[in-house]
K.L.:
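Right, I'll just put the structure down here and ask away after.
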Amino acid sequence: STIKALSVTGIEVVYHHSIQALRGLSIDVPSGAIVALLGSNGAGKTTTLKAASGILPLENGRVVSGDIAFFGESILNLAPHDLPRRGLAHVREGRHVFDELTVEENLIAATNALQGRPSVKPDFDMVYSYFPRLKERRKQIAGYLSGGEQQMLAISRALIGQPRLIVLDEPSLGLAPMVVADIFRIIQRINREHGVAILLVEQNARQALKIADYGYIMENGRIVIDGTSDFLENDPDVRRFYFGSA
Ligand code: ATP
């Protein structure tokens, strides 16, 4: 059987003791694969990523049943800061960067969060090789970068820790189509060249499936359809309901 970078088994998530966001959700991300998690607004995609990266308690959310394993070990009871140290990086929706720091300072801050993972030597050249534009702008304040560059910086902050899995929330949000295409190509290269597994949350199903090996479609806190990208791209119902235009 294949090694699983992430294995989510039957999780139920509740916010504020009462609002149920996930209803017995199960997904697998094989080691080294790109898996797309798709579905409409409010389906529970972001909640799934927050459950995996341990940050639900910060929003009054809780996994009330089921399990989440990272390379075979349960991570349900870890503190949020333990996950990046183990190699699970979360790129949150909305380009979380420090606006008032330079590009380089943002990367340094990300490496500081990794203390306790001594096996990792921050490799700035490796990160800049994927994002040459960030290298050119490394002394600039992040708040003045374009939206696309900020998204690239958010991905770079994950990559500098040499993760084994990156969970990526809507990297295309609010970006021009050409910039999105660029970012998706880079995500695919990072996956192929470093073997980093990727769990990609997207509203743009068509584009996500182009780079994913496998996809899951969520509705209302659970999976309704899953399959290889080829299967999903050719399924008439998937095309009708989840592709912008069929
Ligand atoms: P989007 O694309 O809009 O982010 P999503 O598929 O990622 O949608 P979630 O953001 O995970 O969906 O939301 C799933 C459900 O959980 C929704 O009904 C939402 O209202 C609820 N929810 C999300 N975050 C919270 C929160 N902090 N407190 C209470 N309810 C929440």
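Numbers here are sequence positions counted from 1. Read the numbers this way: they start at 1 and go in the same order the structure lists the ligands and their atoms.
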K.L.:
Any atoms of ligand 1 less than 4.0 Å from a non-hydrogen atom of N41? List them with their elements.
P.N.:
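Here the atoms of ligand 1 in question are 1 (P), 2 (O), 3 (O), 8 (O).
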K.L.:
Under 4.0 Å from a heavy atom of K45: give me the atoms of ligand 1 that qualify, with their elements.
P.N.:
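Listed by number with element: 2 (O), 5 (P), 6 (O), 7 (O), 8 (O), 11 (O), 12 (O).
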K.L.:
Tell me if the aromatic rings of Y214 and Y216 count as close, with their centers under 6.0 Å from one another.
P.N.:
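They qualify: ring centres under 6.0 Å apart.
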K.L.:
Could you tell me if the side chain of M218 sits less than 4.5 Å from the side chain of L38, heavy atoms only?
P.N.:
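SC-SC contact between L38 and M218 ruled out.
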K.L.:
Under 4.0 Å from any heavy atom of A21, which atoms of ligand 1 are there?
P.N.:
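Listed by number with element, the hits are 15 (C), 16 (O).
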K.L.:
Using a 4.0 Å cutoff against the non-hydrogen atoms of Q203, which atoms of ligand 1 qualify?
P.N.:
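Matching atoms, with element in brackets: 2 (O).
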K.L.:
For A43, counting its heavy atoms only, list the atoms of ligand 1 lying under 4.0 Å from any of them.
P.N.:
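Those of ligand 1 that fall under 4.0 Å from A43 are 5 (P), 6 (O), 12 (O).
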K.L.:
Which atoms of ligand 1 are found less than 4.0 Å from any heavy atom of T47?
P.N.:
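Answer for ligand 1: 9 (P), 11 (O), 13 (O), 14 (C).
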K.L.:
Under 6.0 Å from the ring centre and within 45 degrees of the ring axis: does the NZ or CZ of R62 meet both conditions for the six-membered ring of Y15?
P.N.:
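Ring-cation test returns no.
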K.L.:
Under a 4.0 angstrom heavy-atom cut-off, which atoms of ligand 1 come close to E93?
P.N.:
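Contacts of ligand 1 toward E93, numbered from 1: 4 (O).
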K.L.:
Find all atoms of ligand 1 within a distance of less than 4.0 Å from any non-hydrogen atom belonging to H16, and give their numbers and elements.
P.N.:
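Those atoms are 28 (N), 29 (C).
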K.L.:
Quick one, R137 with E149, criterion salt bridge (charged side-chain N to carboxylate O under 4.0 Å, His left out). Give me CA distance, side-chain angles, the key distance, then yes/no.
P.N.:
CA-CA 10 Å; R137 293 179 191 195; E149 289 162 352; 2.6 Å; yes
K.L.:
For ligand 1, which is the ligand I care about here, please tell me if G42 has any N or O atom under 3.5 Å from one of the ligand's N or O atoms.
P.N.:
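Right, the criterion is met.
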K.L.:
At under 4.0 Å between heavy atoms, which part of K50 makes contact with ligand 1: side chain, backbone, both or neither?
P.N.:
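Answer for K50: neither.
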K.L.:
Salt-bridged, K45 to E202, with N to O below 4.0 Å?
P.N.:
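A salt bridge is absent here (no side-chain N lies under 4.0 Å from a carboxylate O).
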K.L.:
Tell me whether L200 is reachable from I217 by hopping between hydrophobic residues (I, L, V, M, F, W, Y) whose side-chain heavy atoms are closer than 4.5 Å.
P.N.:
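Looking at the clustering, L200 is in a separate group from I217.
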